[in-house]
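For this chain, numbers begin at 1 and follow the sequence in order. No hydrogens, no waters, no symmetry mates; every other heavy atom, side chains included, goes into these values.
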Amino acid sequence: MTGTGHASMRIDTGAGSILCDPWVNPAYFASWFPFPDNSLLDWETLGDVDYLYVSHLHRDHFDAEHLKRFISKKATVLLPEYPTSQLEDELRDLGFTSFLKTKSNEVHELDGGLKVMIQALISPTDGPIGDSSLWVEYDGVRVLNQNDARPTDLSVFAELGHVHAHMLQFSGAIWYPMVYELPQAAKTAFGKQKRDRQFDRTWRYIDDLKADHVFPIAGPPCFLDDELWQFNDIFGDEGNIFPDQSVFMSEYAKVGGTNGVVLLPGSVSELTTDSIDTTHPTDVDEFFANKKAHLEEMRERKAPIIAAEKASWRHPEIDVLGELKKRIEPLLEESIYLAKGVGGPVRFDLVSYDGDAVESIVVDFPGKQVRPYADEKVRYRFRTQRELIEHLIFIDEGDWVNSLFLSCRFTAARIGQYNEFVYAFFKCLSEERLQYAEGWYDEHEKSVESEDTQLGDWTVQRRCPHLKADLSRFGIVDGNVLTCQLHGWKFDLPTGRCLTSVGHKIRAEKATS
């Protein structure tokens, strides 16, 4: 297994090679870069593979420019079983023609004794409508590349035999809480909670699978634009949600972990059923000890790339309000569950090029319209540069989560609880995606969860109302509050009310003797 940066790796076996999630170019409005830098690797050689696996469409996993330029079009794509065809369509547009359309949770035997299985997660909140994990077996050696997928459990992989190498995400990949307009003390507190929860979830997955070796991957990105530089975890901030691999190794040791393996770009791990031998292009501890210097060198080297991207965003000829009405209002008319879930107007404050003027636009979910802000109370407000919205319109972007929000190039404010439906809607700005999400929520709302489990003094429904995690495994009760550790959602047990988001009431009652 050769490390190729972030969530990317090349897996070489006697029956063929698989390249996973190659990402090199900046993502999300040039805000995210891979760290350590992988742009100087020999991608001509690395890209000459038998199989390509792209786990999902997030741009730190799906790098269209890199895939088109460097990855062999003779490679067979191992395609997750997603409800929409967008991943396949975009790969075909890049020149890939050979596809193995896998069945989720089904082992596929390839030539030469190579076996693969892909588990696809398909809720509207999984990645950009879909995320996946790849299991590989050859000659008795088994590897699970979980990347940043969050399955409710890993039993489907464990049942296939003991796993020798487990790759999984441990660091942040979100905009919360950094972009929120909060006092710094509150940001730090919320960030620390999220950072701790990320590690807790990681330890749970590691303990579930009990692989011989654990590889921290899929993060963190680095932020090289001066406007975002403070998001790098180099300032001793306990609330930073982007700890790196060296921090993982330290935290893992605190909970007794002794089998962690770091892959730098260019590191190679040779794995058998009973051994592992890893070589690195440089000393790992020394590299991370000099992290700030490496970031500063990257910032200087990548500055022209960021400047060129910024120069492409402005489209003053676009009537933003008019275009948003044209694109979003038909979707609002068709939306039932998402519109009801949002339940009110969402405001966008667009800051002019010179920063002096602000145009406020409201997406009015109950009113099914996009209109100028009318001084009403809103529960969600986003503030960003006008040119970013212009660019989203110009490229006809159907997923603002996978572009604007993950860029962290905005600030946000909200009244009350987190509302998942806001972000679900803005990742579904196309007919196909909206119809899928509406259907998923319709089926989800109508399903009746009858099985119960006992947690402490409470009998509760076994599956979390959020994404159906098994609460007998992920649920923790503290007093009258139940926390699902998979995503950190909290519920007030006496009332069943969700304390984390709107909706998602849980069924619970005091257990009788």
Side-chain angles (χ1 to χ4, degrees), residues 83 104-105 119-127 129-133 146 148-158 168-169 173-174 176 190 193-194 196-209 337-338 340-342 416-424 427 437 439-511:
S104 189
N105 293 332
Q119 180 186 73
L121 306 179
I122 58 171
S123 92
T125 54
D126 286 315
I129 304 200
D131 205 343
S132 66
S133 302
Q146 187 181 333
D148 51 7
R150 298 183 189 176
T152 55
D153 65 70
L154 301 181
S155 60
V156 67
F157 303 107
L168 78 167
Q169 184 191 54
I174 196 69
Y176 173 86
F190 290 138
Q193 289 176 5
K194 181 161 184 59
D196 291 344
R197 191 167 69 239
Q198 290 167 179
F199 280 125
D200 288 342
R201 181 173 59 240
T202 304
W203 310 150
R204 178 63 63 93
Y205 279 132
I206 291 172
D207 185 61
D208 278 355
L209 199 60
Y337 285 93
L338 293 181
K340 180 181 177 182
V342 176
Q417 300 167 321
Y418 167 77
N419 189 325
E420 74 172 61
F421 297 101
V422 172
Y423 297 105
K427 71 167 64 171
W440 189 92
Y441 279 110
D442 181 41
E443 180 181 351
H444 189 76
E445 289 288 327
K446 290 178 180 177
S447 66
V448 178
E449 190 61 65
S450 59
E451 188 176 358
D452 291 334
T453 189
Q454 187 159 336
L455 298 174
D457 295 332
W458 290 89
T459 299
V460 302
Q461 65 185 66
R462 181 170 177 176
R463 295 290 174 176
C464 178
H466 175 219
L467 290 177
K468 296 191 176 181
D470 186 346
L471 293 174
S472 68
R473 299 175 61 254
F474 288 96
I476 292 180
V477 172
D478 183 5
N480 288 332
V481 175
L482 165 67
T483 300
C484 175
Q485 285 193 309
L486 187 61
H487 295 96
W489 285 51
K490 296 179 183 293
F491 302 88
D492 177 63
L493 291 171
T495 64
R497 185 170 61 90
C498 180
L499 302 175
T500 310
S501 180
V502 177
H504 301 295
K505 188 173 182 178
I506 198 168
R507 187 181 70 256
E509 61 181 14
K510 272 282 190 180

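Rounded to the nearest 0.5 Å, atoms CG (L455) and CG (L482) are 6.0 Å apart. A distance of 11.0 Å separates NZ in K427 from CG in L338, rounded to the nearest 0.5 Å. Here CZ of R150 is found 9.5 Å from CG of D126. Values are rounded to the nearest 0.5 Å. Atom CD of Q146 sits about 8.0 Å away from atom CG of L209, to the nearest 0.5 Å.
Residues W458 and K510 form a side-chain contact, since some pair of their non-hydrogen atoms from C-beta on lies under 4.5 Å apart. Residues K340 and F421 are not in side-chain contact: their nearest non-hydrogen atoms beyond the backbone lie 4.5 Å or more apart. Inter-residue side-chain proximity for L121 and S123 is flagged as unmet; no heavy-atom pair is nearer than 4.5 Å. Side chains of Q485 and I476 form a contact here, defined as non-hydrogen atoms less than 4.5 Å apart. In this structure, the side chains of L471 and R462 stay at 4.5 Å or more apart for every pair of heavy atoms.
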L168/T202 under side chain to side chain contact (heavy atoms under 4.5 Å, CB included): CA gap, chis, key distance, verdict | CA-CA 8 Å; L168 78 167; T202 304; 3.8 Å; yes
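Nearest heavy atom pair, residue A508 against residue V460, reads CB-CG1, 3.6 Å. When all heavy atoms are compared, the tightest approach of P83 to I122 is CD-CG2, 3.6 Å. Considering every non-hydrogen atom in both P124 and Y441, the closest pair reads CG-CE1, 3.8 Å. Between D153 and V156 the shortest heavy-atom distance is OD1-N, 4.2 Å. Shortest non-hydrogen contact noted between Y176 and K194 is O-CD, 3.6 Å. Closest of all the heavy-atom pairs between S472 and T453 is CB-OG1, 3.4 Å.
Formation of a donor-acceptor pair under 3.5 Å by the S104 side chain with backbone atoms of A120 is found in this model. Of the possible polar contacts, one joining the T500 side chain to the K490 backbone as a donor-acceptor pair under 3.5 Å is found. Using a distance-only test at 3.5 Å, with no hydrogens or angles considered, no donor-acceptor pair links the side chain of Y337 to the main chain of A437. Without hydrogens or angle criteria, N419 side chain to G341 main chain gives a donor-acceptor distance under 3.5 Å. Q417 places a side-chain N or O within 3.5 Å of a backbone atom of C498 that can act as its donor or acceptor partner.
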